[in-house]
Amino acid sequence: MALSIGIVGLPNVGKSTLFTALTKKGGLAANYPFATIDPNVGIVDVPDSRLRKLADIVHPGRIVPAAVEFVDIAGLVKGASEGEGLGNQFLANIRETDAICEVVRYFKDPNVMREVGRTADFVDPAGDADTIMTELILADLGTLEKQLPKLEKESKRDKELMPKFNVAKRLVDWLNEGNRASTMEMTDEERVAAKGLFLLTMKPILYVANVDEDMLGDDFAPIDGVTPIPICAKVEAELCDLDAEEAAEYLESLGLEQPGLDVLAQAAYKLLGLQSYFTAGEMEVKAWTIPVGAKAPQAAGVIHSDFERGFIKAEVASYEDYVTLGGEAGCKAAGRLRMEGKDYVVADGDVMHFRFNV
């Protein structure tokens, strides 16, 4: 599954430094507005300790973790919804992503620029987040204002479009009150219709608090109901330059169990409502990405679309059974290897093999 998360924020909040560390790709990180113009893209592995335990049993040629695509998008400024700064480009780039990861400045640094009228060491996380949310809401209102006349006309000819027209009208009022589209109460039918409106504030969102090193253990107040993930982008950048042993020692000195970027990748995966199932064999141990609640044929389909069409059955063992019983043979001997059909809802961590017609 091609899953994309846009990293956004005001200029100079540390987005590109975070992206560089996150992807080890070397995106431009500079101390001036719009250092990022064209979006950088990087694929990030989702850390999962279960893969190594499976590999210890089957001794594969390689281990392939799940992955999420991160996109470093140009910094946004007040007025972006009206084209200020790189507003139009920013909004176009974020519209193509599945979710939003907003970096908010908590660190103090007099050498890093702020927007006009604020000193470099001024910190206002809630205000910064509100600036971006306001611009996204205004952009969505502009989108709806363009769509509504056409929707009204088409819904009179095609009654199936009426739910989309009605939810669009309701969303205009909701957004005008300063709310995100995704927080409006909707029926399942309305929510499906709303997705077809391609609104920015319908996207899932998580917040990263870019903090000073001595703030990593602090608790932070929720932003828009979401608790931010504390990450020190400078620390993460330094970790990238260390070998595994040095990085482990550095983390221990900071009182951290894992890099903040691992936490972020895992949080992004969950934000999108995703989970992994595994295949394990001599060639590879691999994590396959599926939506929570996916059924067995859908799970087969992420390997190849023909597998979903020709699905017959799946051999399934839970991750816990597979590890405890020493693999497929142990599960079979203990009666813990199950045959599941088309209605089976895949659980996170299932180890699966498929039978299908070609």
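- The aromatic rings of Phe354 and Tyr277 sit perpendicular to each other, their planes meeting at more than 60°, with 30° as the lower class boundary.
- Under the 4.5 Å side-chain criterion, counting only non-hydrogen atoms from C-beta, Leu199 is in contact with Leu171.
- Each of Arg338, Arg355, His353 was scored for a side-chain hydrogen bond (donor to acceptor under 3.5 Å, both in side chains) with Glu315, with one residue passing: Arg355.
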Passes salt bridge (charged side-chain N to carboxylate O under 4.0 Å, His left out), Lys108 versus Asp212? Steps please.
CA-CA 7 Å; Lys108 295 180 181 180; Asp212 290 312; over 6 Å; no
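- The hydrophobic cluster containing Val167 also contains Val172, counting ILVMFWY residues as joined when their side-chain heavy atoms lie under 4.5 angstrom apart, directly or transitively.
- Salt bridge annotation for Lys203-Asp98: absent, with no cationic side-chain nitrogen under 4.0 angstrom from a carboxylate oxygen.
- Among residue pairs with one or both ends in residues 177-233, those qualifying as ring-ring contact (aromatic ring centres under 6.0 Å, His included) are Tyr106-Phe220; sequence neighbours excluded.
- The 12-atom threshold is not exceeded at CE of Met283, counting heavy atoms of other residues, nucleotides or ligands nearer than 6.0 Å.
- Checked by atom type, the side-chain pair Glu238/Tyr250 shows a donor-acceptor distance below 3.5 Å.
- Trp288 and Ser276 share no side-chain donor-acceptor pair at under 3.5 Å.
- Asp321 and Ser318 share a donor-acceptor pair across their side chains, judged by distance under 3.5 Å alone.
- Using a 4.5 Å cut-off between side-chain heavy atoms of Ile, Leu, Val, Met, Phe, Trp and Tyr, with links allowed through other members, Leu148 and Met184 fall into the same hydrophobic cluster.
- Hydrophobic clustering of Ile, Leu, Val, Met, Phe, Trp and Tyr side chains at less than 4.5 Å, counting indirect connections, keeps Phe278 apart from Leu274.
- Enclosure of atom CD in Glu189 is not indicated, since only 12 or fewer non-hydrogen atoms of other residues, nucleotides or ligands lie within 6.0 angstrom.
- Here Arg50 pairs with Asp348 in a salt bridge; the nearest charged N to carboxylate O distance falls below 4.0 Å.
- A salt bridge does not link Arg105 to Asp128: none of the charged nitrogens lies less than 4.0 Å from a carboxylate oxygen.
- One finds a salt bridge joining Arg170 and Glu190 here, because a Lys/Arg side-chain nitrogen approaches an Asp/Glu carboxylate oxygen to under 4.0 Å.
- A distance-only check finds no donor-acceptor pair linking the side chain of Asp45 to the backbone of Ala67 [under 3.5 Å].
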Take Asp48 and Tyr269 through the side chain to side chain donor-acceptor pair (under 3.5 Å) test and state the conclusion after the steps.
CA-CA 11 Å; Asp48 194 329; Tyr269 200 62; over 6 Å; no
